[in-house]
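Per chain, numbering begins at 1; letters A, B, ... match sequence-line order.
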There are 2 protein chains.
Amino acid sequence: MSATQPLSHTRADEAFDCLQTAIITGELAPGEKIGELELCSRFNLTRGPLREALGRLESRGLLVRRPHAGVKVVSVSAEELMELYRIREVMEGLAARQAAERMTDQEIRDLQATLDSHEKMIDEAQGQAYYQAEGDYDFHHRIATGSRNAKLAQMLLGDLYYMVRMYRYRLSTSAGRPHRALGEHRHIVEAIAQRDGELAEFLMKRHINAARQNIEEKIQEGVLTI
Amino acid sequence: MSATQPLSHTRADEAFDCLQTAIITGELAPGEKIGELELCSRFNLTRGPLREALGRLESRGLLVRRPHAGVKVVSVSAEELMELYRIREVMEGLAARQAAERMTDQEIRDLQATLDSHEKMIDEAQGQAYYQAEGDYDFHHRIATGSRNAKLAQMLLGDLYYMVRMYRYRLSTSAGRPHRALGEHRHIVEAIAQRDGELAEFLMKRHINAARQNIEEKIQEGVLTI
DNA sequence: CAGCTCGATATTGTCAACAATACTTAAGGC
DNA sequence: GCCTTAAGTATTGTTGACAATATCGAGCTG
């Protein structure tokens with residue numbers, strides 16, 4: 001994978017990473033009320049760092065805490081997932097526009113290379129699940145950072161993507177449309193390479209909107225359940 | 001002020017509120033490196049709750065922490081403020097569109113009443129500063145919650161608005177354009193009342209873009225300094 | 001028999017002491 | 001005289017014990 005040697009130099013960071021991945025993978029079920037002591041024994045932590053991590057996770061909306069009543073993992077609904085995609089649509093549209101204006105030529109070449117490797121993986125067939133999961137994440141990650149908008153990148157990478165990945169695990173998706181998505185990615189990169197911010201924004205919004213509709217249909221057909 | 005009897009039922013919440021307002025008001029200067037013990041004595045806290053609050057504030061991007069090196073308030077630049085407004089533009093545009101589709105008739109009436117009271121305050125002249133500060137916040141707050149998009153409201157109310165308010169204090173603004181802003185607010189509410197989501201989105205985006213340009217001009221003229 | 005009040009228990013919130021690490025100051029060598 | 005190096009100090013990170021509060025169960029009353 002691209003990033004994350006979780007090399008957390010402090011116990012609280014470690015706790016944060018552990019809990020976050022546990023929530024995303026579903027190891028901690030949504031709606032589950034979980035005690036601090038149990039979390040401590042489960043992840044070999046003490047309560048101090050744990051509480052600090054809980055604070056961070058709460059402020060990111062991955063869990064809720066009622067005073068003296070414990071923490072529970074945030075429960076997720078299909079409607080909320082759709083709302084998430086609506087937010088992504090406008091924010092990543094902005095990211096694409098700013099990326100078109102600000103990415104370096106080298107970054108754009110890297111982005112194109114990324115897509116080439118994705119294509120290879122898809123053609124070698126077995127990589128479809130991978131592509132949908134991490135490859136897609138990689139693509140959007142690069143554009144978010146390429147926007148040179150620190151707060152925007154922080155909100156996308158630090159908040160929204162984790163939520164989306166949480167749903168991905170739950171849906172055990174890979175119910176994707178890799179070829180179509182790859183084509184859409186190519187068009188977006190083309191627009192960025194031509195420094196056409198307006199077009200990049202338009203294409204990105206349409207891309208995410210299509211992904212949203214795809215999931216929505218799958219859910220209504222009962223192919224995917226939450 | 002409008003809300004916030006800070007009635008925090010836990011010491012950590014109290015710490016969080018105190019620190020947040022201290023950062024927003026500039027009582028803690030940006031870039032300032034501040035020790036934990038000093039913060040404790042300054043706000044009558046102990047280090048446990050304090051550290052939990054620091055974790056929350058860090059994940060919200062109001063301060064940065066290097067391990068064993070202490071915390072420092074995030075430093076802010078004019079460019080970052082402009083980026084913030086670009087994010088607001090797309091997110092609040094979405095909020096306005098969804099509010100137009102989902103607000104109850106009662107909520108819309110309340111929103112109109114809010115604008116009436118703002119107008120009265122402006123006409124009574126001395127309320128200009130108030131309007132620009134809290135009244136504007138109130139208006140955008142209602143639309144964010146009216147969008148019925150929990151994550152969107154959380155991101156706007158929990159992240160962006162605090163950042164914007166931080167800049168507001170720094171700029172000692174009120175360098176506003178209350179009458180023009182009120183008119184724009186009225187048009188947005190009209191579009192919402194007519195359930196015209198597309199128009200509401202367009203008007204909101206234009207409204208925020210105008211506010212951004214206004215600040216940008218003021219900064220370039222040297223009237224405002226960061 | 002249902003609803004409520006009251007108490008026991010377990011969990012969370014808080015605190016103060018201990019350990020580990022980074023910054024500072026001073027000394028020595030080049 | 002300046003840079004490098006090493007010890008001391010101060011600050012952060014961590015731990016375990018203490019206090020406060022909510023949940024759960026039992027007994028009582030209507």
Side-chain angles (χ1 to χ4, degrees), chain A residues 4-23 27-75 158, chain B residues 4-23 27-75 158:
Chain A
T4 68
Q5 183 178 6
L7 192 52
S8 326
H9 284 89
T10 180
R11 306 284 279 175
D13 293 338
E14 197 179 326
F16 181 74
D17 289 339
C18 285
L19 288 176
Q20 183 165 245
T21 58
I23 291 173
E27 190 179 328
L28 265 49
E32 186 178 357
K33 186 180 71 65
I34 190 88
E36 290 185 5
L37 54 93
E38 181 167 349
L39 288 174
C40 288
S41 61
R42 207 149 143 186
F43 297 100
N44 282 46
L45 298 164
T46 52
R47 288 185 56 213
L50 178 79
R51 285 182 63 81
E52 200 178 318
L54 290 179
R56 287 200 244 177
L57 290 165
E58 184 190 21
S59 98
R60 289 205 182 178
L62 268 71
L63 51 81
V64 293
R65 271 207 292 181
R66 275 208 343 245
H68 296 279
V71 306
K72 75 175 207 284
V73 179
V74 74
S75 48
Chain B
T4 67
Q5 183 177 9
L7 192 52
S8 326
H9 285 90
T10 180
R11 302 285 278 176
D13 293 338
E14 196 178 327
F16 180 75
D17 289 339
C18 285
L19 288 176
Q20 183 164 245
T21 57
I23 291 173
E27 189 178 329
L28 263 52
E32 186 177 358
K33 186 179 71 62
I34 190 90
E36 290 185 4
L37 55 91
E38 180 167 348
L39 288 174
C40 288
S41 62
R42 208 150 140 182
F43 296 101
N44 282 47
L45 297 165
T46 53
R47 287 184 57 212
L50 178 80
R51 284 182 64 80
E52 198 179 319
L54 290 179
R56 288 201 242 176
L57 289 166
E58 184 190 20
S59 98
R60 290 205 181 177
L62 269 70
L63 49 83
V64 294
R65 270 208 290 182
R66 273 206 346 243
H68 296 280
V71 306
K72 76 173 204 289
V73 179
V74 74
S75 49

**Q.** Residue pair A:Arg60 / A:Gly158: nearest heavy atoms and the distance that separates them
**A.** NH1-O, 3.1 Å
Q.
So if I take every side-chain heavy atom of A:Arg47 and compare against D:dG13, D:dA17, C:dC23, which nucleotide ends up nearest?
A. D:dA17
Q: Give the rounded distance in Å between these two atoms: CG of A:Leu50 and C1' of C:dT11.
A: 13 Å
Show me the donor-acceptor pairs within less than 3.5 Å that the side chains of residues 44-51 of chain A make with the rest of the protein, sequence neighbours left out.
{"unit_1": "A:Arg47", "atom_1": "NE", "unit_2": "A:Glu36", "atom_2": "OE1", "d": "3.0"}
{"unit_1": "A:Arg47", "atom_1": "NH2", "unit_2": "A:Glu36", "atom_2": "OE1", "d": "3.1"}
{"unit_1": "A:Arg51", "atom_1": "NE", "unit_2": "B:Glu52", "atom_2": "OE1", "d": "3.4"}
{"unit_1": "A:Arg51", "atom_1": "NH1", "unit_2": "A:Glu36", "atom_2": "OE2", "d": "2.9"}
{"unit_1": "A:Arg51", "atom_1": "NH2", "unit_2": "B:Glu52", "atom_2": "OE1", "d": "3.1"}

Q) Atom CZ of B:Phe43 to atom C1' of C:dC15: distance rounded to whole Å? A) 20 Å
Q. Looking at B:Arg65, does any N or O in its side chain come under 4.0 Å of the phosphate oxygens OP1/OP2 on D:dG13?
A. yes
Q) Does OP1 or OP2 of D:dG13 have a side-chain N or O of B:Arg51 closer than 4.0 Å? A) yes
**Q.** Distance below 4.0 Å between B:Thr10 side-chain N/O and C:dT12 OP1 or OP2
**A.** no
**Q.** Proximal nucleotide (of D:dA20, D:dT15, C:dA22) relative to the A:Arg11 side chain
**A.** D:dT15
**Q.** Straight-line distance of B:Glu14 CD to B:Leu19 CG, nearest 0.5 Å
**A.** 10.5 Å
Q.
Would A:Val73 and A:Glu27 count as a side-chain contact (heavy atoms from CB on, under 4.5 Å) here? Give the steps.
A. CA-CA 11 Å; A:Val73 179; A:Glu27 190 179 328; over 6 Å; no
(Q) Quick check for you: to the nearest 0.5 Å, what is the distance between B:Lys33 atom NZ and B:Leu63 atom CG? (A) 13.5 Å
(Q) Take a 6.0 Å sphere around CZ of A:Arg66 and say whether it holds more than 12 heavy atoms from other residues, nucleotides or ligands. (A) no
Q) Between A:Glu58 (CD) and C:dT12 (P), how many Å, whole number? A) 14 Å
(Q) Using whole Å, what does the distance between atom C1' of nucleotide D:dT12 and atom CD of A:Glu52 come to? (A) 11 Å
Q: Could you state the atom-to-atom distance from NE2 of A:His68 to C1' of D:dT21 in whole Å?
A: 5 Å
Q | Gap between atom CG of A:Leu62 and atom CD1 of A:Ile23 - 0.5 Å precision | A | 5.0 Å
Q. For B:Arg66, which contact category applies under a 4.0 Å heavy-atom criterion: base, sugar-phosphate, or nothing?
A. sugar-phosphate
Q: Specify the separation, in whole Å, of atom NZ of B:Lys72 and atom P of C:dC23.
A: 12 Å
Q: Name every residue in residues 32-42 of chain A that has at least one heavy atom under 4.0 Å from any atom of DNA chain C, in order of residue number, or write none if there are no such residues.
A: A:Ile34, A:Gly35, A:Glu36, A:Leu37
